[in-house]
Each structure stands twice: as structure tokens, then as C-alpha cells.
Amino acid sequence: MGKAWLFIKSFNGPRLYQICADGLCIDYSTTHETFIERLSNIVFDGYSWLITVVTYLSPFIVYHAYKNRSDVSFTGIYKHPVTALLLTVYLSAYLLRGSARCFTPAYREFLASYEESMNSNSNIVKKLFLNKYQFDFSKWSVDMKATYSVSPTSDCHGQYNIPFILKPFYHFMATWVAKPLAYPGATYPINAIMRKHLEAGRVSQMLSSKNITRAKLETVDENHIDTVFVDNRVVDDDGAPVDGPGQTLVITCEGNAAYYEVGAFEYPQREGYSALGWNHPGFGDSTGIPYGFADANAIEAVYQYATEKLGFAPKDITVYGWSIGGYSASYLANAHSDIGNVIIDASFDDILPLAIPRMPDFLASVTENCCRKYFNLNNAALLTKYQGPIRLIRRSSDEIISTNGHASGNRGNQLLVAVLESRYPALFKDDEVANMVEDWLDQTSPTPRRLSVPGYDLEFCKDQLRKSVGPPDNDMGKDLNRDEKLILAYYLFSKHLTDCEGGHNNPLYRKYFKMPWKKSDDLNH
């Protein structure tokens, strides 16, 4: 590596965070980073915070400038003495950091390895490099570009008419008001606060698994999605796959302030499944804004990566969505109905009933327009079109998606009802059954529900299953009497819903992470 080349590359090289070797990781900033480089990085971080604050305050700044007849043209801003000072400090920090890196042996070694990996076609070389270094992932090359996207006519695009003259206003509201509320994990402050925790989470994952691969995917809308894959597949001496949980891939979809580094990604690994985690657009090292269509394009890219690059058949894929990640999972189930299983944990039917009560009354119409145009997270509309195995997990003390703080106000209730009615309409749209289901949903324990169904007969339920052609089965339960309908409804209700003690943000206990029920589970026993 020539000295001139090294000097030039040091200025634009990635920011290095940690170095891992021999099962140990050290923080570059506390062991190798010089004072000048550290001070320069503080300056760059300060500028990022400044840009964030100025952006949020921009309406007030523009109003103040207009009121005082200040020159807000590009030329006026450029000639302002504060602008000159900021540019001078930024340029000085840029030059000093590059020079300091050039004289730091650890960074020079990292930079040489980085360039070798970027220019290599070997996945092994790239994997070894990513396992050794934690760095600014935005400088990493794309490992796969997605080739298909959300249909332009999909509800994810928000087919909602907004007057042309109001579009700038709604776009501003969606980006700078709705996004921080719906997806706080996509904001700079949260990402900056979480950076150290995300590094620690990735390091822990790298050290705990030998078969782990980090990759960057590019969506059709050119967002970059940070992913990590743990391969728990087992093969015999001849290379043939050995049956076991590792042959099933679980794609985890995190909540609105969660990341694969510190979120639900560990759940499937505990049970021996292969796992594929990813971060929503704007979260961690993923780029973009998590509008509904952008998040849908992201999960599409993840699915394409799983099937085309990792080699999993759709039937061997399970998608797990927690909280707002239930939307990502619901979209995938809707778009690819041949996937094996769906697990929805602590999620809702539609974001709008949760959004409107949290906003002032006079902003109700604005809230509705923003949700329907930019964050049209209607899980029920998506999930009811999927007829494969599904499990809905409801938290007993969920304080986030409940409209009244109790089980009766949990919006997961409406999601369950929508799913059951789409699969067995003759049974669950019956008035007496619907009223009983409402009573069951007020409970958080199966015992009082079971007591409300006298004469429960498992063999009768199995017999009805043998006659069923679904799901969906439009006629199932149609010719039964009241007691028989309640027995069958309770059976199907309990097979689709799992009540879990705890609040919205409590980690999921191992006993609740199970594959969804299938008809064959009971008919074969």
C-alpha cells in the first residue's frame, strides 16, 4: 500500500468502532484512536446533531427570518459569518482526522483489509472481515440488489387522494412529526444513543455463532437494508440436509424502536432455528425512511435474499413480527402466501385507531391523511388474505396497543377476529359466537373461557376438521346448533391465539415461541 494512496484513502475511509480477534473485541476509540481523530469525530457527531435540530426547527427559523426580512437565499446564507465558521471547523476536522488516521497502525491495517475485502469476489473473505471489524456500514458494498417491489396499486403505497397544494405540508408532517412518533428508531437521536448498544449486540452475536453472515441489501427504491443471518442447518457427511429446526428459517421483524442487534432476533436462535434479522429503513445502519411502501420493499428484499441467496424454499420460511413489525410480517404473508408460517406478537389490526387518540382533536383529519398516505399499516387487510398457519400472541398487560389499558381494548383483538372471520365466516360471523368471542377476549386466561363452553368435546372438533376443506372454509359450522358452534369456535379460537403474561416491551418467554397450529397436528394424533 503506497503512502500517497494511504494518505488519500484515510480521509474517506470508514469510521472504525471495534476490532475483534481470538474471541475478544476491543474498542478502537479507547485503545488506538488518537486524540486528534477522536476530537474530529466529536465535531462530526456535533454537526449531525446540529443538522437534526435545525431541520426540526426549520419552520420557526424560516418564519423568524421572513419576519425580520433576513436574506435566506443561498448566497445570503453562504456569506453569513456563522456559515463560514462552520465550514472552516468542518474542513479542519476533516483534514486533521485523515492525517491522524494515516499515522495510526491499527487504522492502516483496517484500511488495507477493507480495500482487499471490497475488491474481493470471495464471500469468505468478506465474511471474515465483517466478523473482525465493526465500522461505518454505509461504506460497505451492496451484497444483493432486489429486483421486484411492491405493486404500485398496493395499499402500502397509500392510495389516498391529497390535494396537490397540500402535499408539501403532509409530506413534512409525515417525515418530521409522524415518523418520529410511529418509528422513533429511524430518528438520528435514537440511533446515536443506541449505537454503542448495537455494536455490543452485533459483537455478542458474532462471538456466539460461527455460522453468522452480515449483508447489505439494496431495495428497488435504493434503500440499503442491514441484515444478519445465522445458519443452523445441519448436513450429513454426504452433504444431504438433516431434519431439524435449523432447516426452517425465521425472518424476524422488529418493533418501532427495536433493532436486530438487541431485539427479537434471538428468539428463533434459542430454539435452534436458522434466523434472518434486518433493520427497518432508517434504523441502525439501514437507510431511508420507513414509510409503509418503503418498509414493504425492505421485507421484499429480505425475502428475495432468503430464497435466492440463502437457498430456503418458501414453505420452510416462517415470518415473525413483533409490535409494528407485525405490519412487515403481514405484508410478506399477503404478498407470498406460500410461506410456511406466520407469527404475530403484540401487534394491531390498523394503526389509525391507535394514532388518532394520541393526537390533538383538531389534528384528527391530518393524522388520518398522514397514516393513510404514508403509514397505511393495515395489518388486518393484509393478513386476512393469508390462509396458512398463523399464531397471534397477545400480551396480557399490553400498554401500547390497548386503547383503554385493558385486554378488552387491545387492538390485537380486532386482528384475531378479522383472521378468524376470513377463514371461517359462517362460524365466527354468527351473532352468538361473535358475542362469546368478545367475552373471551376480555379474559387473559384460558380457564374462564373453557368454563364458558360446557360439554367441550375434542373429538367432535376433530371430526369437524376432517370434514373441512379449509381454511378458508365458508361453510364450516353452518349447520351446527348453538352449543356445537361455541365448542368449535372455542377450539379454533384457542388454536390461533396465545396469551402471554407481561407488557408490550417484555421479552417473549421461550415457552411462547412456537410454530403455529396446523390441522394435521391434531388429526395425526
Side-chain angles (χ1 to χ4, degrees), residues 14 16-27 110 113-114 116-118 120-144 194-217 224-235 241-242 244-254 258-280 283-286 298-299 301-312 316-320 513:
L16 180 58
Y17 300 127
Q18 293 195 8
I19 304 172
C20 301
D22 301 323
L24 296 174
C25 289
I26 57 175
D27 193 326
F110 158 75
S113 183
Y114 168 77
E116 179 187 356
S117 300
M118 290 286 285
S120 175
N121 294 322
S122 171
N123 291 330
I124 296 177
V125 171
K126 292 178 180 290
K127 180 178 179 179
L128 291 174
F129 175 78
L130 290 175
N131 286 354
K132 182 176 181 180
Y133 294 106
Q134 296 294 316
F135 62 100
D136 179 5
F137 204 55
S138 66
K139 301 285 188 177
W140 188 246
S141 58
V142 171
D143 295 289
M144 191 207 76
M194 289 295 297
R195 184 175 66 81
K196 287 288 185 181
H197 300 286
L198 302 187
E199 288 174 23
R202 281 194 299 270
V203 167
S204 176
Q205 292 167 3
M206 297 291 182
L207 297 179
S208 62
S209 177
K210 295 181 180 179
N211 299 317
I212 187 166
T213 303
R214 192 181 184 192
K216 178 189 286 189
L217 314 181
H224 292 161
I225 305 302
D226 183 14
T227 70
V228 65
F229 168 59
V230 173
D231 192 353
N232 285 326
R233 288 174 290 189
V234 179
V235 296
V242 176
Q247 302 300 330
T248 296
L249 175 69
V250 179
I251 300 175
T252 57
C253 306
E254 304 289 349
Y259 308 76
Y260 74 70
E261 293 93 337
V262 290
F265 181 58
E266 67 176 46
Y267 299 163
Q269 295 179 66
R270 294 184 309 200
E271 310 306 320
Y273 297 107
S274 295
L276 176 57
W278 61 286
N279 283 333
H280 297 286
F283 282 56
D285 287 318
S286 292
I299 190 64
V302 172
Y303 177 78
Q304 184 176 346
Y305 176 63
T307 54
E308 297 183 8
K309 297 295 184 181
L310 302 181
F312 285 91
D316 295 325
I317 293 177
T318 294
V319 60
Y320 167 90
F513 190 88

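- Remark: the backbone N or O of Lys139 is paired with a side-chain donor or acceptor of Tyr114 at under 3.5 angstrom.
- Residues Lys196 and Asp27 are paired through a salt bridge, judged by an N-O separation under 4.0 Å between the basic side chain and the carboxylate.
- Crowding of Asp136 atom CG: a count of heavy atoms from other residues, nucleotides or ligands under 6.0 Å exceeding 12.
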- Task: Assess whether side chain to side chain contact (heavy atoms under 4.5 Å, CB included) is satisfied between Glu271 and Val250, documenting all intermediate values.
- Result: CA-CA 11 Å; Glu271 310 306 320; Val250 179; over 6 Å; no
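- The CD1 atom of Ile299 lies 10.0 Å from the CG atom of Leu217; values are rounded to the nearest 0.5 Å.
- Summarising the geometry, atom NZ belonging to Lys126 is positioned 10.5 Å from atom CD belonging to Glu116; distances are rounded to the nearest 0.5 Å.
- At least one side-chain heavy atom of Arg233 sits less than 4.5 Å from a side-chain heavy atom of Phe312.
- Of all heavy-atom pairs between Trp278 and Ala298, the closest is CZ3-CB, 3.8 Å.
- Side-chain contact check for Val319 versus Tyr303: every heavy-atom pair is 4.5 Å or farther apart.
- Nearest heavy atoms, Tyr259 versus Gly284: CE2-N, 3.3 Å.
- Evaluation of the side-chain contact (heavy atoms from CB on, under 4.5 Å) rule for Ala264 yields Glu254, Tyr267, Tyr320 as partners, not counting sequence neighbours.
- Distance alone, capped at 3.5 Å, places no donor-acceptor pair between the Ser209 side chain and the Gln205 backbone.
- Between Phe283 and Ala258 the shortest heavy-atom distance is CD2-O, 3.4 Å.
- Within the 3.5 Å criterion, the main-chain N or O of Asp143 finds no donor-acceptor partner in the side chain of Lys216.
- A distance-only check finds a donor-acceptor pair linking the side chain of Ser117 to the backbone of Ser113 [under 3.5 Å].
- Of the inter-residue distances, the one linking Glu308 atom CD with Met144 atom CE reads 6.5 Å to the nearest 0.5 angstrom.
- When every heavy atom of Met206 is checked against every heavy atom of Leu130, the shortest pair comes out as CE-O, 4.0 Å.
- Atom-to-atom distance recorded for Arg202:CZ and Cys25:SG is 11.0 Å, nearest 0.5 angstrom.
- Figure legend: cation-pi geometry between Arg214 and Phe137, with NZ or CZ positioned under 6.0 Å from the six-membered ring centre and within 45° of its axis.
- If you take CG on Asp316 and OG on Ser274, they are separated by 10.0 Å, rounding to the nearest 0.5 Å.
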- In sequence, state the C-alpha distance, the side-chain angles, and the governing distance for Thr307 and Ile317, and then conclude on side chain to side chain contact (heavy atoms under 4.5 Å, CB included). CA-CA 9 Å; Thr307 54; Ile317 293 177; 3.8 Å; yes
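- In this structure, Gln134 CD and Leu16 CG are separated by 9.5 Å, a value rounded to the nearest 0.5 Å.
- Two rings, from Trp140 and Tyr133, have their centers 6.0 Å or more apart.
- Nearest heavy atoms, Ile212 versus Lys127: O-CE, 3.0 Å.
- Annotation: side chain of Pro245 is not in contact with side chain of Asn232 (no heavy-atom distance under 4.5 Å).
- Side-chain atoms of Thr213 and Asp231, non-hydrogen and from C-beta on, never get closer than 4.5 Å to each other.
- Considering every non-hydrogen atom in both Glu199 and Tyr17, the closest pair reads OE2-CG, 3.3 Å.
- Counting only heavy atoms from C-beta outward, the side chains of Asp285 and Leu198 never approach each other to under 4.5 Å.
- Between Tyr260 and the choices Asn279, Asp226, Thr252, Thr227, the side chain to side chain donor-acceptor pair (under 3.5 Å) rule is met once, by Asp226.
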